[in-house]
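Below is one structure, written out as structure tokens; comments come after it.
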Amino acid sequence: MSDRARTAAVIGGGVAGAVAGAALAKAGIETVVYEAYPGRPEGVGGTLSLAPNGIRALEVIGADEAVRAVGDPIDRMDMTVGNRRRFTIPALPDLGPLWSMHRTDLHRVLHERAEALGARFAYGRRLESVRERADGVTAVFEDGTEAEADVLIGADGVHSTVRGLVDPANPGPAYTGMLGFESVADYEPPVEPGVMTFAFGRRGYYLYWRLPGGGTRWGVNLPSKEPLTPQAVRERSSEDWIATMLEVHDTDEPGGALLRSTGPVQAHGALYLMPKVPAWHRGRLVLAGDSVHAPSNSSGQGASLAIESAIELARCLRDLPVAAALPAYERLRRTRVESVAAQAAKTNAVKAPGALAQAVMPLVMPLFIRTVMRPERTLGPVQRHRIDWDAAAV
């Protein structure tokens with residue numbers, strides 16, 4: 001073991017973990033990614049979107065083209081209020097589209113790229129505890145195996161085990177008050193493919209976009225007082241959940257038509273976000289991705305920020321002793337991710353506008369778009385972000 005990280009153990013093989021494995025390997029750090037699932041997390045989660053800054057960050061590890069190949073481009077984003085007017089959300093067209101894809105496909109591409117760069121994956125390893133020393137850390141897994149490394153990275157999601165080891169008093173994930181569902185409907189609304197619509201219905205929020213191969217993918221955030229797990233949600237049939245969603249969206253256009261022409265739904269269970277996390281690292285333990293910053297899905301930035309953070313962490317560990325690398329990484333990332341999360345929280349608060357808001361929004365939205373939603377000011381700082389991998393971290 002040494003002051004510099006020559007070896008790394010990454011806990012969690014999702015987006016942040018796979019990218020961290022790839023970037024660390026590229027940085028010359030011997031890396032093993034430990035995943036609790038018995039194999040690649042196939043069929044886990046639903047669709048997600050990568051913003052231009054996320055795709056740009058993937059250029060560092062050479063995964064951008066392969067990721068585009070498994071995704072569908074979203075060239076325009078619209079918003080509707082009730083069943084009334086449609087508004088196009090201003091964008092930065094020179095940056096290219098948003099890319100929508102299934103999480104399983106993204107995991108496969110990232111795992112393959114990480115392995116090509118030299119990272120290794122160990123499956124069926126669920127972290128139980130760690131033993132820390134001044135010069136390293138030993139990960140202890142539930143199956144009784146152990147692994148030593150110079151640094152241990154927690155990329156294990158909002159319910160992170162590593163976060164509890166870094167700071168037992170951490171706030172933990174915050175339930176948004178909504179359950180997530182998605183599926184593909186046969187019904188195709190009169191909007192061309194490549195347009196994602198954020199629909200504020202009469203009693204709730206949903207989104208949809210037509211698929212190039214036919215059909216329409218939709219997602220619903222269903223209010224629920226109880227934060228049900230995906231397993232608990234699946235105890236009810238798809239038909240029951242569609243009936244519940246129709247109670248909210250039956251009179252929405254095209255929400256009702258989408259739900260009535262849908263087969264089995266995919267249930268994601270309770271949706272969480274991460275409040276401000278006081279401690280990002282301790283000793284040789286550090287957090288990355290959703291384990292330390294999981295903004296509301298309203299941000300459209302969750303996966304992209306996780307990719308950025310994994311790469312910045314690898315850059316810092318490449319160039320600095322561990323004791324300096326972890327604080328440097330936090331300084332590079334904290335302000336950015338917390339700013340995005342704060343803005344998304346504001347959007348999340350209006351996902352179910354009341355009757356007055358329903359009446360006023362179509363009147364004020366055109367003025368709001370022209371005067372406030374200036375894309376260079378609102379989107380530029382987020383989507384134009386670029387990591388200079390070749391520059392030394394300081």
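Note that the structure is predicted; figures quoted are calculated from it, not measured.
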Set of side-chain contact (heavy atoms from CB on, under 4.5 Å) partners for [X], sequence neighbours left out:
X	value
Val109	Ala66, Val67, Val70
Glu182	Thr47, Arg217, Gln266, His268
Pro190	Tyr187

Are [X] and [Y] side-chain neighbours, meaning at least one heavy-atom pair lies under 4.5 Å?
X	Y	value
Ser296	Met178	no
Pro171	Pro278	yes
Leu165	Leu127	yes
Leu24	Ile153	yes
Arg386	Glu59	yes
Leu95	Arg384	yes
Asp78	Trp209	no
Leu273	Pro295	no

Give me the atom names and distance for the closest heavy-atom approach of [X] to [Y].
X	Y	result
Ala279	Asp167	CB-CB, 4.0 Å
Ala149	Ala9	CB-N, 3.6 Å
Ala119	Ala25	N-CB, 3.8 Å
Val162	Val286	CG1-O, 4.4 Å
Val340	Ser299	CG1-CB, 3.9 Å
Ser304	Ala51	OG-N, 3.0 Å

Any chance you could lay out the side-chain contact (heavy atoms from CB on, under 4.5 Å) test for His107 and Tyr37, step after step, and finish with the verdict?
CA-CA 13 Å; His107 284 166; Tyr37 283 97; over 6 Å; no
Partners meeting salt bridge (charged side-chain N to carboxylate O under 4.0 Å, His left out) with [X] (sequence neighbours left out):
X	answer
Arg318	none
Glu142	none
Asp64	Arg68

Among residues two or more places apart or on two chains, list those pairs meeting ring pair (Phe, Tyr, Trp, His ring centres under 6.0 Å) that have a residue in residues 313-340.
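Matches after skipping sequence neighbours: Trp280-Tyr329.
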Show every ring pair (Phe, Tyr, Trp, His ring centres under 6.0 Å) that has at least one partner inside residues 143-174, sequence neighbours left out.
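Found His159-Tyr272.
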Ignoring hydrogens and angles, tell me if any N or O in the side chain of [X] forms a donor-acceptor pair with the backbone of [Y] under 3.5 Å.
X	Y	answer
Ser291	Asp156	no
Arg163	Gly172	no
Tyr175	Leu228	no
His111	Gly13	yes

side-chain contact (heavy atoms from CB on, under 4.5 Å) assessment of Leu326 paired with Leu313:
CA-CA 7 Å; Leu326 305 190; Leu313 176 57; 4.0 Å; yes
Taking atom types as modelled and ignoring hydrogens, do the side chains of Arg203 and Thr251 form a donor-acceptor contact shorter than 3.5 angstrom?
no
Same apolar cluster (I L V M F W Y, side chains within < 4.5 Å links), [X]/[Y]:
X	Y	result
Leu179	Leu259	yes
Val32	Val19	no
Val33	Leu317	yes
Ile89	Leu379	no
Leu305	Trp99	no

Go through the steps to decide whether Arg86 and Thr197 satisfy the test side-chain hydrogen bond (donor to acceptor under 3.5 Å, both in side chains), and finish with yes or no.
CA-CA 9 Å; Arg86 174 178 290 269; Thr197 301; 2.8 Å; yes
Going through the checks in order, is the side-chain contact (heavy atoms from CB on, under 4.5 Å) test met by Arg133 and Arg284?
CA-CA 9 Å; Arg133 302 181 308 280; Arg284 290 174 176 259; over 6 Å; no
Could you walk me through whether Leu332 and Arg315 pass side-chain contact (heavy atoms from CB on, under 4.5 Å), step by step?
CA-CA 11 Å; Leu332 284 167; Arg315 187 170 74 99; 3.7 Å; yes
Before accepting this row, confirm whether a basic side-chain N of the pair Asp143/Arg125 lies closer than 4.0 Å to the acidic partner's carboxylate O.
yes
List, one per line, each side-chain donor-acceptor pair under 3.5 Å for residues 387-394, sequence neighbours excluded.
residue, atom, partner, partner atom, Å
Asp388, OD1, Asp390, N, 3.4
Asp388, OD1, Ala391, N, 3.4

Can you pull the salt bridge (Lys or Arg N to Asp or Glu O under 4.0 Å) pairs that have at least one residue in [range], sequence neighbours excluded?
range	result
residues 325-341	Glu308-Arg333, Glu308-Arg336, Glu330-Arg334, Arg334-Glu338
residues 229-238	none
residues 258-277	Asp250-Arg260

